[in-house]
Number of protein chains: 2
Amino acid sequence: MKFDDKVPIYYQIKNHLYHEMMTGQLAPGEKLPAVRQLAVDLTVNVNTVQRALGEMITEGIITSQRGKGNFVTTETPRITQLKEHLIMEQLERAYEQLHALNLSDEEIIASLKQYIAQRGQQDD
Amino acid sequence: MKFDDKVPIYYQIKNHLYHEMMTGQLAPGEKLPAVRQLAVDLTVNVNTVQRALGEMITEGIITSQRGKGNFVTTETPRITQLKEHLIMEQLERAYEQLHALNLSDEEIIASLKQYIAQRGQQDD
DNA sequence: TACAGTGTACTAGTAAAATATAACACTAGG
DNA sequence: CCTAGTGTTATATTTTACTAGTACACTGTA
């Protein structure tokens, strides 16, 4: 996996797993790949995976069962809530950054629309 | 100044200065505060400031004159170009993140509009 | 009981970022 | 020539993220 060297890898792993949960690739209650397997898949060290999982466990978004594995929480509201939180986080950061670049609210929306339109022409 | 400990400080300083240039707080040709003064203002080390400035000099967005100071480039097209680049960077990152959270193009635009509307009700 | 698969914990080492401190080089003004 | 203000460079130290390697603890199954 490719990582942005401006952000800690463990943090990017968290987001990677979040995304898999949001897109349903990891359903509620489902077992995550073993930590050693994740380490291989992501080409990182077990400890780095563990650090990411450790925070997610603290957040209550996954649960750990020694000898069995790590599992996505079955409390779906928790997942929904996390998704809302992640979306708001992205919107807030993007808005503030663009606002700081001296763009008005209208310009921000317009530039996003234009970006998406432009992007649609090419690929994806 | 407050820094996000997920990103290198020198990188955040670059963005900080970029923003000041975009909003006109730092006009083309204008002299930047002395490196030692910047270090005090931002409560960081001179070398950290220097690292940020060094990259900006390499990028040609500021010029350095030993004994005099650092100055914003007078080549305004360069600044305009940088602004476009920074905007695109933000849009791309936000779009990709939201897209990864399973939001469609329409949902992305709608959620941004909603966020801005909601924000307008409160303050700023 | 044995064993394979799993999570957890610990120690040691490397690399990058940031700091503290100091020295050097140039400019402008007395 | 001297000095204050400026950019530039260098060394040593600390902190954090990451890696490597190992060992331990628990679960399920044969």
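All of these numbers come straight from a predicted model, not from anything done at the bench. Chain letters run A, B, ... following the sequence lines, proteins first and then strands; every chain starts at 1.
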Report the residues that fulfil side-chain contact (heavy atoms from CB on, under 4.5 Å) with [X], sequence neighbours left out, ordered by chain and then residue number.
X	value
B:Thr43	none
B:Ser64	B:Ile57, B:Asn70
B:Thr23	A:Asn102, B:Gln25

message: On the nucleotide D:dG28, are OP1 or OP2 found under 4.0 Å from the side-chain N or O atoms that A:Lys68 carries?
response: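 Yes, because at least one side-chain N or O of A:Lys68 sits under 4.0 Å from OP1 or OP2 of D:dG28.
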Starting at [atom1] of [X] and ending at [atom2] of [N], how long is that distance when rounded to a whole Å?
X	N	atom1	atom2	answer
A:Leu32	C:dT8	CG	P	12 Å
A:Lys31	C:dT6	NZ	C1'	7 Å
A:Asp4	D:dA17	CG	P	15 Å
A:Glu55	D:dA17	CD	C1'	12 Å
A:Gln37	C:dG7	CD	C1'	15 Å
A:Asn70	D:dT27	CG	P	14 Å
A:Leu38	D:dT19	CG	P	14 Å
A:Gln50	D:dC24	CD	P	18 Å

- prompt: salt bridge (Lys or Arg N to Asp or Glu O under 4.0 Å) with A:Glu75: which residues, sequence neighbours excluded?
  reply: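 Applying salt bridge (Lys or Arg N to Asp or Glu O under 4.0 Å) to A:Glu75 gives A:Arg78.
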- request: Applying salt bridge (Lys or Arg N to Asp or Glu O under 4.0 Å), name anything that partners B:Glu20, two or more places apart in sequence or on another chain.
  value: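 With neighbours one apart ignored, the set is empty.
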- request: Give the B/S/- string for nucleotides 16-25 of chain C, one per nucleotide from 5' to 3', where a protein heavy atom under 4.0 Å of the base yields B, of only the sugar-phosphate yields S, and otherwise -.
  value: -SSBBB-B-B
message: With a sphere of 6.0 Å drawn around NZ of A:Lys113, does it hold more than 12 non-hydrogen atoms of other residues, nucleotides or ligands?
response: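 No.
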